[in-house]
Amino acid sequence: MADPKGFLTTGREVAQTRPAGERVKDWNEVYVPGSLLPIISKQAGRCMDCGIPFCHNGCPLGNLIPEWNDYAYREDWAAASERLHATNNFPEFTGRLCPAPCESACVLGINQPAVTIKNVEVSIIDKAWGNGDVTPQPPERLSGKTVAVIGSGPAGLAAAQQLTRAGHTVAVYERADRIGGLLRYGIPEFKMEKSHINRRIEQMRAEGTKFRTETEIGRDIDAAKLRRRYDAVVIAAGATVSRDLPVPGRELNGVHFAMEYLPLANKVQEGDLTVSPITAEGKHVVVIGGGDTGADCVGTAHRQGALSVTQLEIMPKPGEERNANQPWPTFPMLYKVTSAHEEGGERVYSVSTTHFEGDEDGNVQALHLVEVEFKDGKLEQKPGTERVIPAQLVTLAMGFTGTDQANGLVQQFGLELDERGNIARDQDYATNVDGVFVAGDAGRGQSLIVWAIAEGRSAARGVDRFLTGASALPAPIRPTDRALTV
């Protein structure tokens, strides 16, 4: 146990963010550099080293949280990094982007603020990179087997790294011009600077993983031919089909999917563009969707110089404390104020968009909405609550509906889908096509980064066993496992 009295003597303290007025003028990460290290050892000491650490259940990776909390408390950063990497290929990603279901399941969280697990995690990995403790781990011998991984998001990268280290020759195919999937182009720079992805890619290259960008399986390469070229294939193409809003005026200029808007802003930061073709500068912006992707649009609009930003959510405003029907250790639906929300804008709950209004040139100018409420389990409009808000840029951030089928990948492989439209798989993550496996959102549906990494690691075990007859790789979750929620 780190500090036997830590949870009694030390209060919860989290990473400091830079002043909102300062950070909206740049695209750097919102946190004060170096603000965690002076406090993080004591924060790690709040961990109670529970006899039954429910944080393990909250985390699909099964992170060894009490163990690396103990090492962090003792400032043994090399040992902490080793324990952290034992279950997680990319803790710098999860430490910045994961909503931390482990903290919701923290036993201390029953009647006190939970341990700052996420902050401890990111402190350990940043210290490890700084100390040179993160090095390539090439395999001792090669198996002679080849694997193609389709998609370079967290699931694909995790599967690729595990299989490379197991001795297989792995090539990752990515349709975009850079590796990273939604980590690269869907996550704004202020949430995670892309240097964190770049150095992981270099580690993987040094281990032997090959990368093929600007290559879309189904369009640029026939999927069936790819299968014949490799001994096994892992599909980690994500659930990239955005949920649309089929209301009058949807065709107006200025109404875009979030994944049309956010990648262009990221391309500006990569140096590919000087100015984004879709910009919020000088415009009234409306973001439809109250989740993390919506918050990313809000923060991006602030930095582009929007006149105003309004975020709409069809569901009621969540409470700030757990409801009785969301008991510990489940992941509760709470009112969350992200760094983007701290920077300004208005959030409106229990409303639905009825239609968009445009000008004579076909550009969106306003959004019509109405308040809604649940009656007998159904969402109904409240008469007399209609109103209009200005909108020269609208982003649709309402989630994703499944894997892209327009490129022919599903049809060319001959893959079966489940009842939700995801690619069907068995307990080993294998599809109905021999030697073809699926990991991440393509098989699970839209989920969290921590689940994607867990799926990539688990699918790698299935592939390794298919290729060699046995596997020592870990499989933290089954395809049927779900988050600890009510």
Side-chain angles (χ1 to χ4, degrees), residues 1-15 36-131 133-134 158 322 327-332 448-451 453-454 457-458 473-478 481-485:
M1 186 172 184
D3 180 356
K5 296 183 179 180
F7 68 97
L8 297 172
T9 61
T10 304
R12 177 181 168 104
E13 192 173 355
V14 297
L36 274 176
L37 282 179
I39 66 170
I40 207 62
S41 292
K42 282 193 173 183
Q43 289 301 307
R46 297 181 72 236
C47 177
M48 299 191 296
D49 192 16
C50 309
I52 301 177
F54 277 82
C55 55
H56 285 194
N57 296 80
C59 175
L61 283 166
N63 281 337
L64 307 174
I65 295 165
E67 294 184 35
W68 43 257
N69 273 331
D70 180 53
Y71 286 124
Y73 172 71
R74 303 177 193 282
E75 299 188 5
D76 187 345
W77 301 110
S81 174
E82 186 279 326
R83 289 287 78 195
L84 191 55
H85 281 101
T87 57
N88 188 352
N89 297 71
F90 314 118
E92 65 270 42
F93 301 167
T94 51
R96 287 172 167 84
L97 304 175
C98 181
C102 53
E103 294 188 18
S104 297
C106 173
V107 174
L108 183 59
I110 294 175
N111 59 5
Q112 289 189 45
V115 175
T116 56
I117 299 171
K118 182 176 173 178
N119 280 184
V120 176
E121 178 181 28
V122 79
S123 298
I124 294 171
I125 184 57
D126 285 354
K127 190 73 172 178
W129 280 108
N131 290 345
D133 293 330
V134 184
R322 286 182 184 268
W328 176 90
T330 61
F331 190 73
L448 303 176
I449 181 173
V450 68
W451 282 93
I453 296 173
R457 289 171 64 88
S458 299
L473 294 177
I477 58 171
R478 298 166 297 182
D481 287 343
R482 291 295 179 264
L484 193 63
T485 58

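For clarity, every value in this text was computed on a predicted model and none was experimentally measured.
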Subject >> Ionic contact status for E103 with R12, cut-off 4.0 Å >> reply: yes

Original post:
Does the Q43 side chain pair with the main chain of E13, one donor and one acceptor, at a distance under 3.5 Å?
Top reply: yes

Original post:
If you draw a 6.0 Å radius around CZ in R482, do more than 12 non-hydrogen atoms from other residues or ligands fall strictly inside?
Top reply: yes

Original post:
In Å and rounded to the nearest 0.5 Å, what is the NZ to CH2 distance from K127 to W129?
Top reply: 16.0 Å

**OP:** Answer yes or no: is there a donor N or O on one side and an acceptor on the other, between the side chain of N88 and the main chain of F90, under 3.5 Å?
**Re:** yes

Original post:
How many angstroms lie between CG in L97 and CG in L448, if you round to the nearest 0.5 Å?
Top reply: 11.0 Å

Original post:
Taking all atoms of both residues into account, what is the closest heavy-atom pair of I52 and V107, and its distance?
Top reply: O-CG2, 4.0 Å

Original post:
If every non-hydrogen atom of V134 is compared with every non-hydrogen atom of H85, which pair is closest and at what distance?
Top reply: CG2-CE1, 4.0 Å

**OP:** Could you give me the CA-CA distance, side-chain angles and deciding distance for R322 and T330, then say whether side-chain contact (heavy atoms from CB on, under 4.5 Å) is met?
**Re:** CA-CA 10 Å; R322 286 182 184 268; T330 61; 3.8 Å; yes

Original post:
Mind checking whether Q112 and R46 have side chains closer than 4.5 Å, heavy atoms only?
Top reply: yes

**OP:** Answer yes or no: is there a donor N or O on one side and an acceptor on the other, between the side chain of W328 and the main chain of C106, under 3.5 Å?
**Re:** yes

Subject >> Side-chain heavy atoms of V450 within contact of F93, under 4.5 Å >> reply: no

**OP:** Please report the shortest heavy-atom distance between Y73 and A44, naming the atom on each side.
**Re:** N-CB, 3.9 Å

Subject >> Within-4.5 Å side-chain heavy-atom neighbours: N63 and C102 >> reply: no

Subject >> Exercise: identify the closest heavy-atom pair between T94 and E121 >> reply: OG1-OE2, 2.8 Å

**OP:** Output the distance between atom CD (E92) and atom CG (L84), rounded to the nearest 0.5 Å.
**Re:** 9.0 Å

Original post:
Quick one: does R457's side chain get under 4.5 Å of P474's, heavy atoms only?
Top reply: yes

Original post:
Rounded to the nearest 0.5 Å, what separation is found between the CE atom of M48 and the CG atom of D3?
Top reply: 12.5 Å

Subject >> Between OG on residue S123 and NZ on residue K118, distance to nearest 0.5 Å >> reply: 12.0 Å

**OP:** Taking the side chain as every heavy atom from C-beta outward, state whether I65 and P53 have any pair of such atoms under 4.5 Å apart.
**Re:** no

**OP:** For A105 and F54, work out which heavy atoms get closest and say how close.
**Re:** O-CB, 3.2 Å

Original post:
With no hydrogens and no angle check, is any side-chain donor or acceptor of S81 less than 3.5 Å from a backbone partner on A78?
Top reply: no

Subject >> Residue pair L61 / T87: nearest heavy atoms and the distance that separates them >> reply: CD2-O, 3.3 Å

Original post:
Do the side chains of I124 and R83 get nearer than 4.5 Å, heavy atoms only?
Top reply: no

**OP:** For the pair R96 and D126, find out whether any cationic side-chain nitrogen is under 4.0 Å from an anionic carboxylate oxygen.
**Re:** yes

Subject >> Distance in Å, C55 SG paired with N69 CG, rounded so as to fall on 0.5 Å steps >> reply: 7.5 Å

Original post:
Is any side-chain heavy atom of P66 closer than 4.5 Å to a side-chain heavy atom of C50?
Top reply: no

Subject >> Whether N119 side chain and V14 backbone form a donor-acceptor pair below 3.5 Å >> reply: no

Original post:
Hey, does P329 have a side-chain heavy atom less than 4.5 Å from the side chain of N57?
Top reply: no

